[in-house]
Amino acid sequence: MSARLQDAEPLPAAGETEGPAGRSAESEIGPEPLQAAAALQVLLQARQTTLPRRLGTPGPDAQQLAAIVGAAAHAPDHGRLQPWRFVRVPADARDALAEAFAQALREREPAAEPEALAQAREKAYRSPELLLVVVDAAQADAAVPAPERWVSAGCAVQNLLLMATALGFGSALTSGQSLQSQALRTLFGLRAAEQALCFVSLGTVVVAKAPRARPAVDAYTSTLRPQGAPVPGLHLPPAVAP
């Protein structure tokens, strides 16, 4: 676990907030959940995208990679369909991926210049650890529509990224037109209903960047009024006096 998580402070006002009957929040739910929430808050704030070219060695070892990928299994999964999977691209398979990237460019641009093809190939070598996220959108269960499968995949990826962050690694999600190419589909043996969602790059951050500003809660929330028509913001009820 990273030092940042080990040194995490409790959430502000932990143990001081009064409940409806005058009891402290800590006395109601115990200190452990509050400490876990504080650690999670630090972890969420620490996660940010680090471009693959800014990731270097060492990448995760076997035990760390198993923990990172294993975190994905805790994503919500309606119907237990497991509509997503990960394909690791080890070092000895990067040449094949590089050629698939070049062929994907040729599919889009038959007259692509050698320099452009070389740039396409180079993308296969940018991070120590590389995974392809694959989503199965087949309607094997009509009760679980395709959008829910994509949501499940997104949750699985976020779990993976958070575990990588907790272990001290940088990460990035990358996509592009090559994901829809026949060359890449053939290389990874994708079935007809499967779609390549994105690549996940993992490694040690070589060049860090400043954290970006995140949107305020009111910028992406609204509250439904009794008469309908949501209004911006959460509109939380006032705190109950002790």
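Position 1 is the first residue of the sequence, and the numbers go up from there.
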Identify every side-chain donor-acceptor pair in residues 219-226 under 3.5 Å, counting partners at least two apart or on other chains, and give the distances.
| residue | atom | partner | partner atom | Å |
| --- | --- | --- | --- | --- |
| Thr221 | OG1 | Val217 | O | 2.9 |
| Thr223 | OG1 | Gly233 | O | 2.7 |
| Thr223 | OG1 | Leu234 | O | 2.6 |
| Arg225 | NE | Gly228 | O | 3.4 |
| Arg225 | NE | Ala229 | O | 3.0 |

**OP:** Decide whether Leu130 and Leu187 are clustered together by the hydrophobic rule: side chain heavy atoms of Ile, Leu, Val, Met, Phe, Trp, Tyr closer than 4.5 Å, transitively.
**Re:**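 Yes: a chain of side-chain contacts under 4.5 Å links Leu130 to Leu187.
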**OP:** Establish whether Leu190 and Val135 are linked, either directly or via other cluster members, by ILVMFWY side-chain heavy-atom contacts under 4.5 Å.
**Re:**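 No, Leu190 does not connect to Val135 through the hydrophobic network.
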**OP:** State the CZ-NZ distance between Arg53 and Lys123, to the nearest 0.5 angstrom.
**Re:**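 Taking CZ in Arg53 and NZ in Lys123, the distance rounds to 10.5 Å.
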Could you tell me whether a side-chain N or O of [X] sits under 3.5 Å from a main-chain N or O of [Y], the two making a donor and an acceptor?
| X | Y | value |
| --- | --- | --- |
| Arg126 | Leu55 | no |
| Gln64 | Asp61 | yes |
| Lys209 | Thr49 | yes |
| Arg88 | Leu131 | no |
| Ser181 | Ser178 | yes |

Original post:
Under 3.5 Å, is there a donor-acceptor pair linking the side chains of Arg108 and Gln177?
Top reply: yes
Original post:
With no hydrogens and no angle check, do the side chains of Thr186 and Gln182 hold a donor and an acceptor under 3.5 Å apart?
Top reply: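 Note: Thr186 and Gln182 side chains meet the donor-acceptor criterion.
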**OP:** Provide the full list of salt bridge (charged side-chain N to carboxylate O under 4.0 Å, His left out) pairs with a residue in residues 176-198, sequence neighbours left out, each pair given once.
**Re:**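 Sorted pair list: Arg85-Glu194, Asp136-Arg191, Arg191-Glu194.
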**OP:** Show the numbers, then the answer: is there a side chain to side chain contact (heavy atoms under 4.5 Å, CB included) between Arg214 and Gln48?
**Re:** CA-CA 11 Å; Arg214 303 290 176 171; Gln48 62 177 334; 4.0 Å; yes
With a cut-off of 3.5 Å and sequence neighbours excluded, list every side-chain donor-acceptor pair involving residues 198-207.
| residue | atom | partner | partner atom | Å |
| --- | --- | --- | --- | --- |
| Ser201 | OG | Ser127 | OG | 3.3 |
| Thr204 | OG1 | Pro58 | O | 2.5 |

